[in-house]
Amino acid sequence: MNSSEIRLKFLEYFASQGHTVVPSSPLVPGNDPTLLFTNSGMVQFKDCFLGHDMRPYIRAASSQRCVRAGGKHNDLENVGYTARHHTFFEMLGNFSFGDYFKHSAIKYAWELLTQVYKLPAEKLWVTVYEEDDEAYGIWANEIGVPTARIVRIGDKPGMRYVSDNFWQMADTGPCGPCSEIFYDHGPEVWGGPPGSAEADGDRYIEIWNLVFMQYNRDENGVMHSLPKPSVDTGMGLERIAAVLQQVHSNYDIDLFQNLICAAARETNTSDLTNNSLKVIADHIRACSFLIVDGVIPGNEGRGYVLRRIIRRAIRHGYKLGCRAAFFHGMVKDLAKEMGGAYPELVDVQANVTEILRVEEERFFETIEHGMKILEAELGNITSDRRDEAATGGAKVRESILYHAPVLSGQVAFTLHDTYGFPLDLTQDVCREHGVIVDDAGFEHAMTRQREQARAAGKFKLTTGLEYEGVKTQFHGYEQLIAHGKIVALYKNNVAVQELSASESGIVVLDNTPFYAESGGQVGDIGVLKTAFSSSVFQDKGTRDESRSAFFVVEDTQKIQADVFGHHGQVKSGTLKLGDMVDAIVDQAARARIMRNHSVTHLMHRALRDVLGSHVQQKGSLVDQTKTRFDFCHHAPMTEMQICAVENRVNQAIQANTEVCAKVLPYDAAIKLGAMALFGEKYGDEVRVLSMGEYSTELCGGTHVQRTGDIGLFKIVMEAGVAAGIRRIEAISGENAVKWAQQLDATIKETAAALKVQPNELTQRIDQLQNSMKMLEKELVSLKSKMASSQGEELFNQAIEIGNAKVLAAILQGADNRMLRETMDKLKDKLKSAAIVLASVADGKVMLIAGVTPDLTGRVKAGELVNMVAQQVGGKGGGRADMAQAGGTQPESLPAALASVSDWVKGKL
């Protein structure tokens with residue numbers, strides 16, 4: 001039974017038992033931003049177990065893609081060294097949300113294993129939680145498992161409910177006992193049954209875990225029975241396949257053997273038992289499916305984990321002799337193996353292949369240098385240990401035997417920082433040499449670099465202001481004018497009581513319509529005005545013109561999370577602490593910013609539609625003139641893709657959809673489909689910005705009321721800014737109109753200059769380019785004829801020195817090509833000669849020296865041309881028969897050429 005059949009039979013069996021077969025969720029969890037990757041089958045059902053989500057079914061089964069290569073659950077370092085650790089695996093699971101419980105869960109598991117998969121019942125052992133008499137009784141009395149093969153597993157000493165057979169979602173919340181099913185591989189494999197002293201052996205292998213969510217644990221550790229107990233099970237496809245295919249290692253199952261053969265093909269390796277092939281076969285699954293689910297190699301978060309896995313695979317290919325990209329060539333084999341179960345892999349196969357190829361080629365540029373440094377360090381370490389062992393006494397040798405040599409943390413950091421070697425890759429290589437890495441030293445070097453980077457990046461001082469007053473109330477979503485009281489003033493970042501005319505400073509208000517820079521949107525500009533004698537704003541106040549003040553707000557920044565600082569200058573009057581002001585936002589500037597911010601959301605959605613769901617925002621800047629948007633993507637956008645994005649955005653604008661903002665609990669916003677950025681910190685309540693079906697994102701910025709308010713949208717720049725990161729700059733509204741008008745004016749001016757209509761420009765330019773090519777060919781031909789003609793004249797100017805000819809001359813108007821052609825012809829004619837030719841253009845000297853083969857033993861062209869070049873303010877060199885140089889002093893050229901004959905005579 002192959003892996004695909006095992007997966008299918010599992011799902012078909014549970015479908016026949018009333019379960020809804022649910023597709024695998026993405027590897028990037030959609031309902032749990034605290035989790036790096038989906039690492040078990042229950043992740044997509046977490047809210048169902050917590051009671052936060054009601055599905056149309058109460059029984060489910062799935063084959064879930066999982067990754068354990070980062071964060072709390074990380075098996076990366078074990079891959080390649082054990083028979084059953086993987087970065088990527090499939091978890092077969094069946095689930096009950098308050099429907100059936102222990103009896104049915106145990107019955108289904110036993111029936112599937114013994115009747116569908118036809119495993120010998122005598123080969124199966126089970127474990128239960130020590131206090132779970134109910135599960136024990138079901139196994140013993142209803143299923144009929146001999147009590148000798150039912151093992152009770154209790155709590156770890158002194159730790160209540162901490163057991164291999166008691167499952168907890170967290171310190172509080174749903175939890176309960178579990179029952180595990182083991183397969184006995186037979187006495188020929190070392191190891192003891194679960195719970196015994198030899199349980200770590202490989203004879204008895206866990207294949208299925210049945211979790212019975214029975215309790216809710218409160219903050220005091222008290223267990224309360226759940227009104228609707230649930231079931232969560234998990235069985236690794238790779239493990240059960242090894243059992244059913246009667247092999248001991250997961251890497252011997254059909255799926256892995258086919259991928260190992262593909263790895264051997266791509267690395268030209270004949271030994272299929274090489275462990276490096278296992279690593280590569282494992283890693284192609286994790287890398288490909290992470291990319292399918294939108295993860296792009298990067299320097300942080302999920303992207304960095306992906307990069308680590310890719311580079312680990314490349315290192316093992318390098319170990320097998322690969323010196324060029326190979327890994328991406330296996331994507332087609334993976335699609336063949338798993339595309340039937342996961343068609344999304346087939347759909348984006350070309351994109352996955354290209355992303356891996358680009359990442360591989362980038363790392364191959366540096367891996368060789370990094371490996372040489374690492375291998376040299378390892379060689380020094382191990383040779384030093386051998387020297388110590390040879391010269392030391394018995395105690396020294398014993399110490400060396402039991403204490404592994406250590407690689408410097410600074411060396412590990414250099415490999416990471418300069419050559420892109422993740423720490424675990426360096427540790428992997430060192431492990432193979434019996435060397436450990438000084439992790440503390442590595443972290444110290446990393447910390448020092450971060451501190452230096454932070455120090456270098458400090459460019460805003462407002463966060464250092466001392467402030468303990470009230471929070472700023474922001475009214476800028478609803479209005480652009482508000483009345484506010486001055487609650488703090490700063491001059492040169494020091495609190496003051498007043499600001500006078502011409503003084504710059506920062507004003508803090510209790511109420512403001514000014515948006516403070518956040519989320520990529522720049523702060524508002526405008527004015528603060530006051531003309532009242534009272535510090536309390538009245539409907540009918542007495543104006544005191546001598547106290548009127550006018551403050552121009554040039555920027556608005558947060559000095560604390562909820563405190564806005566208005567940066568600017570007093571143009572007239574005096575601002576005092578406690579004054580009331582009219583805070584007036586520049587309406588035109590705000591409108592331009594809003595258009596650019598709203599269109600950024602539409603553009604983000606369009607980029608994902610056109611390029612793929614891997615596109616994720618990596619930074620943005622929204623101001624009056626443009627929107628600048630950085631995003632994950634592996635290659636430059638084509639003109640066709642840019643046009644497709646522009647068309648989608650402009651269609652959304654023309655639809656004139658209402659733009660709605662709602663404040664919702666975070667969980668509710670995510671369920672609504674709002675896009676959240678991993679790594680961003682969100683509060684319990686978030687602002688959800690929706691534009692119909694086009695876009696739903698978490699955003700605190702200011703936006704237009706309807707998409708039609710944006711006007712026109714145009715992308716004006718697309719470029720790369722970092723590995724795997726692209727940048728778009730785009731304009732909207734009046735800026736886009738002005739851009740189009742300027743472009744139209746330029747086209748018309750160009751057409752007028754070329755005496756054609758604008759729609760004939762392309763044809764006219766093609767004609768001019770063809771004419772230029774013909775003229776260039778004619779020019780080359782004329783120069784060649786000129787060179788030949790001058791060569792004839794120069795032939796007679798050569799002087800004889802012994803049996804050789806010497807010639808030094810200037811060719812008027814010659815370029816480098818003409819000098820070379822003339823040199824070749826003169827050498828052919830003069831037979832035995834040393835020649836220097838020169839030309840002057842734009843105040844610079846060009847020199848070429850040539851020596852015939854019979855004289856190169858005594859006269860070197862490189863030395864000759866350098867001698868002349870030094871006299872004209874330059875230097876040069878080259879081969880013995882031909883060399884070139886330049887200079888910056890054409891006035892010295894005649895004398896320099898005159899010295900050639902004496903120099904050559906001295907050599908001959």
Side-chain angles (χ1 to χ4, degrees), residues 1-11 13 24 27 37-43 61-69 73-94 109 112-113 116-117 119 123-124 180-185 189 191 202-210 233-263 272-273 275 277-290 292 309 313 330 333-342 345:
M1 195 181 302
N2 65 35
S3 299
S4 295
E5 291 170 333
I6 294 169
R7 184 193 301 113
L8 183 61
K9 282 185 179 294
F10 178 90
L11 298 175
Y13 171 78
S24 171
L27 289 171
F37 298 115
T38 299
N39 55 31
S40 67
M42 65 81 62
V43 169
S62 68
S63 178
Q64 174 64 51
R65 306 193 306 267
C66 301
V67 163
R68 291 184 179 175
H73 301 283
N74 184 3
D75 290 337
L76 181 59
E77 64 179 20
N78 293 315
V79 174
Y81 298 96
T82 70
R84 277 169 286 279
H85 279 102
H86 306 291
T87 53
F88 173 96
F89 62 95
E90 293 179 76
M91 186 65 82
L92 305 172
N94 60 287
L112 177 67
L113 291 176
V116 178
Y117 289 150
L119 287 177
K123 287 278 194 178
L124 299 177
E180 297 177 327
I181 305 173
F182 288 74
Y183 179 80
D184 179 4
H185 277 280
V189 180
D202 280 346
R203 175 174 172 177
Y204 298 86
I205 299 300
E206 177 202 338
I207 56 174
W208 204 344
N209 187 14
L210 315 177
T233 82
M235 176 165 59
L237 173 64
E238 295 80 7
R239 288 196 179 193
I240 189 62
V243 170
L244 292 173
Q245 294 174 19
Q246 299 181 358
V247 295
H248 187 63
S249 169
N250 290 3
Y251 291 98
D252 290 332
I253 67 174
D254 62 306
L255 191 157
F256 268 113
Q257 282 298 296
N258 292 335
L259 291 177
I260 285 170
C261 288
L272 294 181
T273 64
N275 277 345
L277 295 179
K278 297 177 183 178
V279 174
I280 296 168
D282 171 273
H283 288 6
I284 191 63
R285 300 206 304 166
C287 295
S288 297
F289 278 106
L290 282 171
V292 166
I309 302 173
M330 296 174 59
D333 302 279
L334 179 64
K336 182 178 179 181
E337 288 296 321
M338 300 183 68
Y342 304 106
L345 172 62

Tell me whether [X] contacts the main-chain N or O of [Y] through its side chain, where contact means a donor paired with an acceptor under 3.5 Å.
X      : Y      : value
Arg239 : Glu206 : yes
Glu238 : Glu90  : yes
Ser24  : Arg65  : yes
Gln257 : Tyr251 : yes
Thr233 : Asn94  : yes

Could you pull out the closest heavy-atom pair between [X] and [Y], with the gap in Å?
X      : Y      : value
Ala341 : Arg7   : CB-NH1, 3.3 Å
Ser63  : Leu11  : N-CD2, 4.0 Å
Leu345 : Ala335 : CD2-CA, 3.7 Å
Ile284 : Leu334 : O-CD2, 3.6 Å
His85  : Asp282 : O-OD2, 4.4 Å
Asn39  : Arg68  : O-NH2, 3.0 Å

**Asked** Which word best sums up how the rings of His248 and His185 line up, parallel for under 30°, tilted for 30 to 60°, or perpendicular for over 60°?
**Response**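 Taking His185 first and then His248, their aromatic rings stand perpendicular (interplane angle over 60°).
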Any side-chain heavy atom of [X] within less than 4.5 Å of one from [Y]?
X      : Y      : result
Leu112 : Tyr117 : yes
Val43  : Gln64  : no
Asn258 : Asp333 : no
Val67  : Thr38  : no
Leu290 : Phe37  : yes
Leu119 : Val243 : yes
Arg84  : Phe89  : no

To the nearest 0.5 Å, what is the distance between [atom1] on [X] and [atom2] on [Y]?
X      : Y      : atom1 : atom2 : answer
Leu259 : Leu277 : CG    : CG    : 11.0 Å
Leu124 : Tyr183 : CG    : OH    : 8.0 Å
Asp252 : Phe256 : CG    : CZ    : 10.5 Å
Ile240 : Ile207 : CD1   : CD1   : 4.0 Å
Leu237 : His86  : CG    : NE2   : 9.5 Å
Ser4   : Glu337 : OG    : CD    : 7.0 Å

**Request:** Could you verify whether a donor N or O on one side chain and an acceptor N or O on the other, from Gln245 and Asp254, lie under 3.5 Å apart?
**Result:**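 Yes.
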**Within 6.0 angstrom of Lys123 NZ, more than 12 heavy atoms from elsewhere** =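 Check passes, neighbour count above 12.
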**Given Ile181, Asn209, Leu113, the one that forms side-chain contact (heavy atoms from CB on, under 4.5 Å) with Met235** =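 Filter result, single survivor: Leu113.
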